[in-house]
Amino acid sequence: MPALRIDKSLADRLHRRAEAERWQVQANLFTEVLEASANRAFAGKSPSPGEVRRYLESLHLEDLALAAACASGHEAAWEHFVREHRPVLYRAADAIDRAGGARDLADSLYAELFGLEERGGRRQSLFRYFHGRSSLATWLRAVLAQRHIDRLRAGRRIRPLPEEESPAAIAAASELPDSDRSRYLSLMRQALDRALTRLAPRDRLRLACYYAQDLTLAEVGRLMREHEATVSRHLAKTRRAVRADVERQLRIEAHLGDDEIQQCFQCAMDDAGPMDLSEMLATGGPGKKSD
Amino acid sequence: MERKRDESIERLLRGALKVPAGADLSRECLDAETLAARTDGRLSGTDRAMADAHLSACPRCQAMLAIMVRTAPLEPVPDSWWQRTRGLGWLVPLTAGTAAIVLWFAVQNGQRPTMVQQPAAPNFGTEEAQQERAQAEVAPVAPKPQESVTLGDRTKPGTVVGRERDVAPGAEGRTGPTEERANASSERVGQRQDRGEARKDETAPAQAAAAADRLGKVAEAASSAAPRAAAAPPSAASRALEAAAARASNEAVTLSRQGRGESTDIVSPDPAIRWRVGPSGSIQYSINGGSAWEALSSGATADLIVGVSPSTTVCWVVGRSGAVLLTIDGRRFQRLPFPESVDLVAVQATDARAATVTAADGRIFRTTDGGQTWVQTRLQEF
């Protein structure tokens with residue numbers, strides 16, 4: 001698809017709205033920034049001029065101008081950015097790690113944002129990945145979150161396995177022979193995995209945020225744009241649906257009787273968990289851009 | 001037994017949901033820019049659905065999303081429409097009492113009662129316009145200052161829903177545009193008033209009649225509170241109370257106004273720029289604070305009831321029969337598709353893409369893609 005081009009009158013109007021002159025961001029540079037944003041948003045699509053205009057007008061234009069100025073090395077813009085956004089970054093870092101362990105991540109971002117590295121005689125600022133769809137503050141938090149998670153996941157890969165006699169490795173005592181217990185656990189996990197794949201993405205995301213990410217009901221509500229009570233209700237409903245699906249699979253597909261189904265659930269209760277091996281080994285998907 | 005099984009499921013969930021769903025995620029993980037756009041509600045409907053589908057299966061991206069939630073500045077969850085009025089319940093008797101006094105005066109004077117003043121006609125300083133205004137005026141109860149009605153829990157620039165009244169007492173001497181334009185505008189005013197007069201004989205919607213009945217009954221029950229409120233001289237406190245009372249009765253008033261062909265002013269964050277919407281899809285535009293109005297084409301025939309302007313060029317307007325209109329340049333309005341033909345009585349918007357409208361039956365619909373798609377949200381529950 002050919003790259004999108006923006007009408008000059010529209011670009012000039014947006015340039016004025018962005019108050020880009022404040023940071024001496026020239027119209028042609030700002031137009032390039034707008035076009036980059038539009039091309040990214042409409043990649044592979046053929047938007048109408050109206051759609052492109054509406055999209056561009058919805059951008060955080062002032063933040064975009066500030067980012068463009070900082071990426072160009074404008075001193076006053078950079079001072080303004082540091083003054084306004086350093087507290088935001090530090091607050092986010094402190095929220096991630098109350099002990100201050102994430103502050104170094106926040107500090108390390110500055111060098112990349114400033115663009116200390118050059119390539120082909122051009123500064124390589126991290127700001128080139130900001131396209132104005134969100135506010136600059138939100139984007140900075142997202143970058144920080146990405147760095148933090150990647151650092152955590154890299155650190156987990158080299159965490160030693162628990163010792164054989166540690167609590168994490170000792171399974172709860174069971175009256176069942178090991179072979180039956182393993183079989184029941186395996187059936188439960190398979191049934192649960194299938195039940196989860198049948199959930200609507202929104203329901204699964206809600207479950208994951210609550211059970212896997214340990215968010216509170218209020219936090220899940222903010223994320224899903226639901227009231228806390230609504231989140232609670234949905235979680236309960238989804239959990240019931242998952243349980244019913246698991247029971248159905250055990251009964252009909254695995255041909256288990258009531259007693260055996262009860263044993264399956266009991267084994268799941270008694271089981272100490274998989275020692276997080278799956279999480280330790282998971283790569284989380286293909287490579288990601290460092291923005 | 002069910003509870004124990006639920007506990008088993010919960011225990012398993014904590015482990016199972018930390019594993020990517022599917023051995024190989026076909027999509028790339030969300031980058032920071034997409035994650036940030038999703039957090040700010042700036043993804044289009046399709047993009048958001050795709051992002052959420054990936055998020056539902058990818059623990060890494062879920063973990064990033066969790067951090068975004070934890071590091072977000074705290075904001076109150078917006079209340080639904082009935083919650084916003086809940087705390088103002090004590091104003092009901094005050095409002096009802098005021099309404100009782102208004103009704104009493106109106107009946108005494110043998111005139112048609114009204115809850116709000118007639119909209120100020122465009123003042124072009126011509127004798128003809130002044131005479132028409134004089135004919136259309138009803139006896140005012142008390143000089144009313146400009147009132148703004150908000151749907152949110154606080155009044156913010158650009159989120160004023162409507163009903164800015166340009167009363168402009170004593171403005172009759174203001175010079176206006178040329179006499180020809182003045183005559184044309186007066187004709188438009190006359191036509192609007194004629195439509196209003198004709199519409200008063202039409203059968204009011206059942207909701208408007210029910211709203212009027214409710215107001216009347218409450219007025220009877222709480223009439224003892226009225227004299228104090230009505231007799232007090234206008235003050236900042238009483239004006240604030242009037243504004244709050246107007247918020248509390250916004251929807252009933254809105255519905256009852258439908259039958260009287262009244263207009264509503266929508267003021268942008270720049271008070272000079274505003275729109276006026278009214279019956280039969282009428283929209284007018286002013287860039288000088290309402291001194292002069294330009295008729296716009298709305299493309300709609302339904303009565304337009306209320307609107308909101310989050311910026312000087314963006315204005316959302318809603319009305320009867322599912323009418324939703326949007327302009328992003330101030331002048332050209334586009335009618336947006338809406339899933340149901342219901343009367344819409346309120347609208348909130350943060351920009352040209354994200355808006356929330358409330359139907360007369362209390363249902364709330366939300367869009368994040370400029371009105372191309374709508375999602376009905378549930379009323380918030382406890």
Side-chain angles (χ1 to χ4, degrees), chain A residues 54 57-58 91-92 95-96 129-131 133-135 138-139 141-143 145-146 148-149 153 188-189 192-193 196-197 201-202 204-205 207-209 211-213 215 219 221-223 227 229-230 233 239-240 242-243 246 265-266 268-269 271 273-274 276 278-279 282 284-286 288-289 291, chain B residues 1-2 4-21 24-25 27-29 31-33 35-37 39-43 49 52-53 55-72 75 77 313 328 351-353 370 377-378 380-382:
Chain A
R54 277 194 293 275
E57 286 179 343
S58 72
R91 273 199 298 273
I96 289 171
Y129 295 115
F130 174 67
H131 295 293
R133 279 199 292 183
S134 68
S135 68
T138 306
W139 178 77
R141 285 195 293 120
V143 174
Q146 191 179 47
H148 175 70
I149 290 301
R153 294 171 77 87
M188 277 293 283
R189 288 188 181 130
L192 181 68
D193 283 346
L196 290 176
T197 58
R202 192 171 170 83
R204 187 189 159 93
L205 178 59
L207 275 187
C209 289
Y211 287 109
Q213 302 304 326
L215 292 179
E219 287 168 339
R222 277 204 294 279
L223 192 154
H227 192 276
T230 306
R233 196 163 37 83
R239 203 171 47 233
R240 281 196 300 273
V242 167
R243 174 169 56 79
V246 166
F265 278 91
Q266 189 60 46
M269 273 298 287
D271 183 51
D276 261 356
S278 309
E279 188 185 9
K288 282 71 61 178
K289 285 183 292 196
D291 57 344
Chain B
M1 183 174 77
E2 279 190 5
K4 281 208 171 296
R5 289 195 178 186
D6 278 344
E7 288 175 15
S8 300
I9 291 291
E10 280 189 316
R11 197 178 170 84
L12 285 174
L13 279 173
R14 290 188 193 280
L17 288 165
K18 288 183 179 174
V19 179
D24 180 24
L25 288 169
R27 277 184 285 274
E28 277 195 5
C29 283
D31 58 20
E33 203 272 338
L35 185 65
T39 301
D40 276 0
R42 293 303 191 100
L43 289 182
D52 282 1
L55 279 165
S56 71
C58 178
R60 176 181 176 271
C61 293
Q62 288 165 13
M64 289 200 298
L65 194 66
I67 289 181
M68 295 299 289
V69 171
R70 289 192 177 111
T71 58
E75 285 175 15
V77 175
T313 58
I328 57 172
D351 52 40
R353 297 179 70 82
T377 62
R378 298 189 185 194
Q380 292 183 1
E381 301 172 9
F382 288 104

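In what follows, every chain begins at residue 1, and chains take the letters A, B, ... in the order their sequences are listed.
- Between the side chain of Thr71(B) and the backbone N or O of Ala92(A) there is no donor-acceptor pair closer than 3.5 Å.
- In terms of modelled atom types and a separation under 3.5 Å, the side chain of Arg11(B) and the main chain of Met269(A) share a donor-acceptor contact.
- Of the listed residues (Arg202(A), Arg91(A), Glu219(A), Gln266(A)), the greatest number of heavy-atom pairs within a distance under 4.5 Å of chain B belongs to Glu219(A).
- Ranked by heavy-atom pairs under 4.5 Å with chain A, the list Leu35(B), Leu65(B), Thr39(B) is led by Leu65(B).
- When each of Gly41(B), Ala37(B), Ala63(B), Ser56(B) is checked for heavy-atom pairs under 4.5 Å with chain A, Ser56(B) comes out on top.
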Exercise for the section: Check the pair Arg240(A) / Ile9(B) against side-chain contact (heavy atoms from CB on, under 4.5 Å), numbers first and verdict last. Expected result: CA-CA 9 Å; Arg240(A) 281 196 300 273; Ile9(B) 291 291; over 6 Å; no

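- Your options are Glu10(B), Glu7(B), Lys4(B), Arg353(B), and the one with the most heavy-atom pairs under 4.5 Å with chain A is Glu10(B).
- Interface residue Leu196(A): only side-chain heavy atoms are found under 4.5 Å from chain B.
- The part of Glu57(A) that comes within reach of chain B is its side chain, from C-beta onward, which places non-hydrogen atoms under 4.5 angstrom from that chain.
- Contacts between Thr197(A) and chain B at a heavy-atom distance below 4.5 Å are absent for every atom of the residue.
- A donor-acceptor pair under 3.5 Å links the side-chain atoms of His227(A) to the main chain of Ala229(A), judged by distance alone.
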Exercise for the section: Go through the steps to decide whether Arg70(B) and Leu215(A) satisfy the test side-chain contact (heavy atoms from CB on, under 4.5 Å), and finish with yes or no. Expected result: CA-CA 8 Å; Arg70(B) 289 192 177 111; Leu215(A) 292 179; 3.5 Å; yes

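- For Arg141(A), the parts sitting under 4.5 Å from any heavy atom of chain B are the backbone and the side chain alike.
- Nearest heavy atoms, Arg243(A) versus Asp6(B): NE-OD1, 2.6 Å.
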Exercise for the section: Let me see the working for Tyr129(A) and Glu33(B) under side-chain contact (heavy atoms from CB on, under 4.5 Å), right down to the final yes or no. Expected result: CA-CA 7 Å; Tyr129(A) 295 115; Glu33(B) 203 272 338; 5.8 Å; no

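- Put simply, of Leu43(B), Leu12(B), Asp52(B), Leu55(B), the one with the most heavy-atom pairs under 4.5 Å next to chain A is Leu12(B).
- Contact count versus chain B (heavy atoms, under 4.5 Å) is highest, among Cys209(A), Ser135(A), Ala145(A), Ala95(A), for Ala145(A).
- Using a 4.5 Å cut-off between heavy atoms, Leu192(A) touches chain B through its side chain atoms alone.
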Exercise for the section: May I have the step-by-step check of side-chain contact (heavy atoms from CB on, under 4.5 Å) for Val246(A) and Met188(A), ending in yes or no? Expected result: CA-CA 7 Å; Val246(A) 166; Met188(A) 277 293 283; 3.8 Å; yes

